[in-house]
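FYI, side chains are in, hydrogens and waters are out, and symmetry mates aren't considered; it's all heavy atoms of this structure. Atoms within each ligand, like the ligands themselves, are counted from 1 in listed order.
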Amino acid sequence: MSQLSLAVDVGGLKLRNPTMNAAGVLGMSSSLLKRVYESGAGAVLTKSLGPTPRSGHPNPTVVAVEGGFLNAMGLPNPGAIHFRDEIRKLKLSGIPVVASFFGASIEQFVEVAGVLAEAGADALEINCSCPNVGKERCLLEADPDTVEAVTAAVKDATDLPVFVKLTPNVTDISEGARAAERGGADAITAINTLRGMAVDVDARRPVLANVTGGLSGPALKPVALRCVWEVSESVGIPVIGCGGVSDWRDAIEFLLCGASAVQVGTATATYGLGVFHAVTEGIRNYLVENGFGAMKDIVGLAHGA
Ligand code: RRO
């Protein structure tokens with residue numbers, strides 16, 4: 001096996017390879033995230049953390065659908081302050097940590113960012129794209145002006161790289177991407193889940209207690225690829241692809257569309273943690289077999305010269 005390096009710098013965050021777990025997947029404890037890193041991820045992401053503990057929505061919160069899952073977790077999390085020790089434990093092991101976080105106001109975003117930076121996070125991912133809660137709890141699918149203002153306020157409050165995770169539940173995702181870039185974002189994560197629903201024909205009711213949820217998994221991949229394509233044509237900062245990455249071919253598709261790194265979520269449930277090693281080694285083999293000397297050589301290649 002060739003040892004071509006897959007190391008990458010994503011908006012100032014240096015990674016040994018371009019894979020991470022998606023926020024919300026396996027991010028509830030340092031022990032799980034340590035396993036993610038030991039399984040080969042380049043960095044780990046926490047579950048989205050807010051200013052106070054939240055228990056989330058009532059069950060059922062997850063349902064398997066054609067090509068993936070619908071979730072309506074409702075932002076369950078222990079609160080940023082209670083998660084500080086988990087971040088510290090990961091840092092003691094030298095693991096790059098991206099802290100995903102949210103707030104109901106710009107002030108809350110800034111407050112939580114401060115807690116996570118102080119705990120030792122290496123980068124922050126602003127979640128202003130949760131599909132499952134109202135605007136009063138998270139700046140839901142935030143409009144471009146709000147994305148810009150939140151990003152600028154967080155960037156003012158910290159020296160850490162700041163990623164902004166965007167929602168696909170808008171007409172034009174490039175507006176949100178440009179707004180994040182104007183606010184000073186160091187990278188864009190595209191995309192969060194796509195709103196959908198499932199119906200139980202026997203109960204004649206929606207399956208999820210929340211009625212709607214966010215679609216993840218292979219069914220989301222074509223939408224995510226399109227979003228990465230459009231975002232990478234709209235901004236000059238790196239893009240992190242997220243949505244339906246299950247194997248190395250999916251990852252290569254995202255890189256060709258303009259992503260510099262990928263996040264893996266649903267596939268960890270389908271294939272287990274071995275997916276990180278399989279994706280990175282598959283990328284490495286693809287580069288070597290096709291005569292590329294570095295990963296950056298294929299980022300955005302599908303856009304043409
Ligand atoms: O917790 C959730 O319901 C959730 C979040 Br915060 C998110 O960003 N995306 C998602 O699909 N679910």
Side-chain angles (χ1 to χ4, degrees), residues 20-29 32-33 44-65 67-80 83 98-104 108-109 112-113 116 124-142 146-147 150-151 162-170 173 176 180 188-198 206-221 223-224 227 240-245 263-270:
M20 313 166 208
N21 62 302
V25 177
L26 302 165
M28 276 299 210
S29 73
L32 270 175
L33 287 173
V44 299
L45 271 95
T46 68
K47 170 75 182 149
S48 291
L49 298 159
T52 51
R54 274 178 59 82
S55 50
H57 289 321
N59 285 322
T61 52
V62 180
V63 56
V65 294
F69 291 103
L70 282 172
N71 88 80
M73 303 305 291
L75 287 163
N77 81 98
F83 206 76
V98 183
S100 169
F101 71 112
F102 67 94
Q108 281 189 0
F109 268 99
V112 178
L116 300 171
L124 302 173
E125 184 175 89
I126 293 176
N127 186 356
C128 48
S129 50
C130 174
N132 297 327
V133 293
K135 210 166 190 161
E136 69 285 2
R137 301 216 187 86
C138 175
L139 292 174
L140 168 79
E141 299 178 357
T146 309
V147 169
V150 168
T151 309
V162 173
F163 307 159
V164 177
K165 187 167 184 177
L166 295 177
T167 178
N169 301 310
V170 289
I173 193 167
I188 303 289
T189 304
I191 52 179
N192 209 314
T193 52
L194 189 62
R195 289 184 75 216
M197 70 179 287
V207 175
L208 295 170
N210 188 54
V211 180
T212 62
L215 177 68
S216 63
L220 187 60
K221 193 183 78 172
V223 177
C227 288
I240 302 164
C242 180
V245 176
Q263 296 179 349
V264 183
T266 300
T268 62
T270 315

Quiz item: If you measure every N/O of Ala72 against every N/O of ligand 1, is any gap under 3.5 Å?
Solution: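 In fact, backbone or side chain, Ala72 has no N or O that close.
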Under a 4.0 angstrom heavy-atom cut-off, which atoms of ligand 1 come close to [X]?
X      : result
Asn127 : 6 (Br), 7 (C), 8 (O)
Asn71  : 2 (C), 3 (O), 4 (C), 10 (C), 11 (O), 12 (N)
Pro76  : 1 (O)
Thr193 : 9 (N), 10 (C), 11 (O)
Met73  : 1 (O), 2 (C), 3 (O)

Quiz item: For Phe102 and Phe109, which heavy atoms make the closest approach, and how far apart are they?
Solution: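 Shortest heavy-atom separation between Phe102 and Phe109 comes out as CA-CE2, 3.5 Å.
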Quiz item: Where's the contact between Arg54 and ligand 1, heavy-atom distance under 4.0 Å: side chain, backbone, both or neither?
Solution: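 Neither; nothing of Arg54 gets under 4.0 Å from ligand 1.
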Quiz prompt | ligand 1 contact on Leu75 by region, counting heavy-atom pairs under 4.0 Å | solution =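 Both backbone and side chain of Leu75 come within 4.0 Å of ligand 1.
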Practice problem: Report yes or no: does a heavy atom of Lys47 sit under 4.0 Å from some atom of ligand 1? | Solution: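 Yes, that is the case, since the closest heavy atom of the residue is under 4.0 Å from the ligand.
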Exercise. Determine whether any heavy atom of Gly24 lies closer than 4.0 Å to an atom of ligand 1.
Key: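 It does not, in that no heavy atom of Gly24 comes within the 4.0 Å cut-off of ligand 1.
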Exercise. Would you check, one step at a time, whether the test side-chain contact (heavy atoms from CB on, under 4.5 Å) holds for Phe163 with Ile126?
Key: CA-CA 6 Å; Phe163 307 159; Ile126 293 176; over 6 Å; no
Quiz item: Does the side chain of Met20 reach to within under 4.5 Å of the side chain of Ile240, using non-hydrogen atoms?
Solution: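 Met20 vs Ile240: side chains touch.
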Self-check item: Close side-chain approach of Pro78 and Met28, heavy atoms under 4.5 Å
Solution: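 Contact flag for Pro78/Met28 side chains = yes.
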Quiz item: Has the side chain of Asn127 got a donor or acceptor atom that lies under 3.5 Å from a matching backbone atom of Ser100?
Solution: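 Judged by distance alone, no pair lies under 3.5 Å.
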Quiz prompt | Test item: Asn169 side-chain N/O and Arg195 main-chain N/O as donor-acceptor pair under 3.5 Å | solution =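 Checked: pair present.
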Quiz item: What residue among Leu166, Ile173, Val170 forms side chain to side chain contact (heavy atoms under 4.5 Å, CB included) with Ile191?
Solution: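 Only one of Leu166, Ile173, Val170 forms a side chain to side chain contact (heavy atoms under 4.5 Å, CB included) with Ile191, namely Ile173.
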